[in-house]
Amino acid sequence: MLVLGAAAGGGLPQWNCTVGASGPLWSADKAHLHATQSSIAIGTDGHWTVVNASPDIREQIIRQPLLHPTSAPGDAPRRTPITRVILTNADLDHIAGLLSLRERTAFDLVATRTTLETLAANPVFNAVAAARRISVDIDTNFSLHGGCKARLFSVPGKTPLFLEPSGGTPEVGNRTEETVGLDVRSGDGKRLCYLPGCAAIDDEVRRQVHGSDVLLFDGTVFHDDELARAGVGEKTGRRMGHVPIAGADGSLAQLADVEVGRRIYIHINNTNPIWQPDGPERHEVERYGWEVAYDEMKISL
Ligand code: MLT
Ligand code: MN
């Protein structure tokens, strides 16, 4: 498994931002610390599933030789090892990259019916006509390559930002098909759970991730009010559909007793202090056994 993009929407640094972790990363010698937007890839042997199509997908493919197009003599001239894209929601940082996959090569586009309806309602995605839309039901296994099985499960979530009622406040934390987690089981029974967006942690979330060998979990914000602290916005993490890391209701405390192998924060916003390798917040998450994802991180199941 590969982390293609460890950052939340906006990436690191974010185009308009000089505070938080973004500030120091605008100097040319810091390019190796940049992080692209939210995506992972799962696969082997020339068959890869990309989970969430980041706006940075072209750069992510270029950086990752395993995802490069291949063609042996006699093959079609355009061939990609990416045979499937799974979406965990219809947030822009997870769907905008579909528009970069529009060059007529077929692949399976797997998501809940709700997420596929969101795409269907927006004609710009008609440009990705070669993608075979495959709607899967919650809690129903489907096959990936190499003997892996996958399953989507619903988590407390939120409607995509671009569909929020204007002037109103959307409901946050409902368990609908809009926001899901992905559970992947390898042929030999190893499990990976990936939840880049999760608005709250309750017993059901704990039950779903319990026993996974690798948990990749929503690390968008460390403090719920982190955007306000940085002077860049009023919305809390929870209002954006992301449970914070810190605090009694945060993921550090709420997942502390759940049995998992590796626990890794992903979908990390550029305001999140855990980007600082020597900062107190990074040390705190590490004390709880968490790792912090980075672009091109390789994780074997
Ligand atoms: C989120 O994770 O909350 C979304 O990516 C926000 C957005 O669409 O900009
Ligand atoms: Mn996002």
Side-chain angles (χ1 to χ4, degrees), residues 1-6 38-54 60-61 64-67 81-89 94 107-112 134 136-155 179-198 201-219 243 245 251-252 254-268 285-286 288-301:
M1 195 229 92
L2 306 167
V3 173
L4 300 183
S38 189
S39 178
I40 65 170
I42 299 165
T44 47
D45 300 335
H47 294 285
W48 285 85
T49 294
V50 169
V51 192
N52 293 322
S54 155
Q60 293 168 342
I61 291 170
Q64 186 44 257
L66 290 166
L67 302 183
I82 300 171
T83 52
R84 184 184 297 103
V85 174
I86 299 176
L87 303 175
T88 62
N89 62 21
H94 291 164
F107 60 93
D108 289 348
L109 177 56
V110 179
T112 63
I134 299 177
V136 293
D137 291 332
I138 295 289
D139 285 325
T140 303
N141 285 329
F142 56 97
S143 292
L144 302 183
H145 283 95
C148 286
K149 292 247 180 296
R151 181 177 64 89
L152 302 180
F153 56 93
S154 73
V155 300
T179 309
V180 297
L182 173 70
D183 181 343
V184 176
R185 273 168 215 258
S186 68
D188 56 0
K190 293 274 189 338
R191 274 182 68 211
L192 174 142
C193 284
Y194 173 55
L195 295 79
C198 184
I201 299 171
D202 55 14
D203 284 345
E204 177 59 11
V205 170
R206 280 188 283 268
R207 188 183 70 77
Q208 290 284 1
V209 304
H210 173 87
S212 52
D213 296 277
V214 178
L215 170 64
L216 292 153
F217 192 81
D218 186 340
V243 63
I245 292 173
S251 54
L252 271 189
Q254 291 296 319
L255 294 174
D257 294 334
V258 178
E259 252 179 65
V260 297
R262 292 174 72 177
R263 51 187 78 209
I264 303 169
Y265 281 122
I266 196 162
H267 190 281
I268 304 160
V285 302
E286 287 171 351
Y288 278 76
W290 286 83
E291 300 171 66
V292 174
Y294 52 89
D295 285 21
E296 296 169 69
M297 184 181 197
K298 291 186 174 55
I299 298 167
S300 51
L301 243 200

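Side-chain atoms are counted along with the backbone in the values below, which use heavy atoms only and exclude waters and symmetry mates.
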If you round to the nearest 0.5 Å, how far is CZ of R185 from CG of D213?
10.0 Å
Determine whether a donor-acceptor pair (N or O, by modelled atom type, separation under 3.5 Å) exists between the side chain of D108 and the backbone of V110.
no
Apply side chain to side chain contact (heavy atoms under 4.5 Å, CB included) to the pair I134 and F142, showing each step before the final yes or no.
CA-CA 11 Å; I134 299 177; F142 56 97; over 6 Å; no
Using a 4.5 Å cut-off on heavy atoms from C-beta on, say whether the side chain of L4 contacts that of L67.
yes
Quick one: side-chain hydrogen bond (donor to acceptor under 3.5 Å, both in side chains) partners of S38, sequence neighbours excluded?
H94
Rounded at 0.5 Å granularity, tell me how far CZ in R207 sits from CG in D202.
10.5 Å
Output for pair (S54 OG, I40 CD1), nearest 0.5 Å, gives 13.0 Å
Point-to-point distance, once rounded to the nearest 0.5 Å, from CD1 of I245 to OH of Y265
4.5 Å
Any donor-acceptor pair under 3.5 Å linking the side chain of D218 with the backbone of C198?
yes
To the nearest 0.5 angstrom, please state how far the CZ atom of F107 sits from the CD1 atom of I82.
9.0 Å
Return yes if a side-chain donor-acceptor contact under 3.5 Å exists between N52 and T88, otherwise no.
yes
Decide if atom CG of D257 counts as having more than 12 heavy atoms of other residues, nucleotides or ligands within a radius under 6.0 Å.
no
Residues at least two apart in sequence or cross-chain that pass salt bridge (Lys or Arg N to Asp or Glu O under 4.0 Å) with D203, listed by chain then number, are R206
Checking side chain to side chain contact (heavy atoms under 4.5 Å, CB included) between L216 and each of I299, L195, L182, which is the one that passes?
I299
Atom CD1 in I201, atom CD in Q254: separation rounded to 0.5 Å?
6.0 Å
Can you list everything that forms a side chain to side chain contact (heavy atoms under 4.5 Å, CB included) with L66? Sequence neighbours excluded, please.
L2, W48, Q64
Option among I264, I266, V258, V209 that satisfies the side chain to side chain contact (heavy atoms under 4.5 Å, CB included) test with L215:
V209
Test item: side-chain donor near acceptor, S212 and R191, under 3.5 Å:
no
Please report the C-alpha distance between I86 and L144 in whole Å, then the side-chain angles of each, then the deciding distance to 0.1 Å, and finally whether the side chain to side chain contact (heavy atoms under 4.5 Å, CB included) criterion is met.
CA-CA 11 Å; I86 299 176; L144 302 183; 4.1 Å; yes
Salt bridge (charged side-chain N to carboxylate O under 4.0 Å, His left out) contacts touching residues 291-301 (sequence neighbours left out):
R63-D295, R63-E296, R262-E291
Nearest heavy-atom neighbours spanning T179 and G197:
CG2-O, 3.5 Å
Partners passing salt bridge (Lys or Arg N to Asp or Glu O under 4.0 Å) against D137 (at least two apart in sequence or in another chain)
none
Evaluate M1 against V214 for side chain to side chain contact (heavy atoms under 4.5 Å, CB included), listing each step before the verdict.
CA-CA 10 Å; M1 195 229 92; V214 178; 5.5 Å; no
Tell me, please, which residues at least two apart from R151 pass side chain to side chain contact (heavy atoms under 4.5 Å, CB included).
D139, N141, F153, D183, Q208
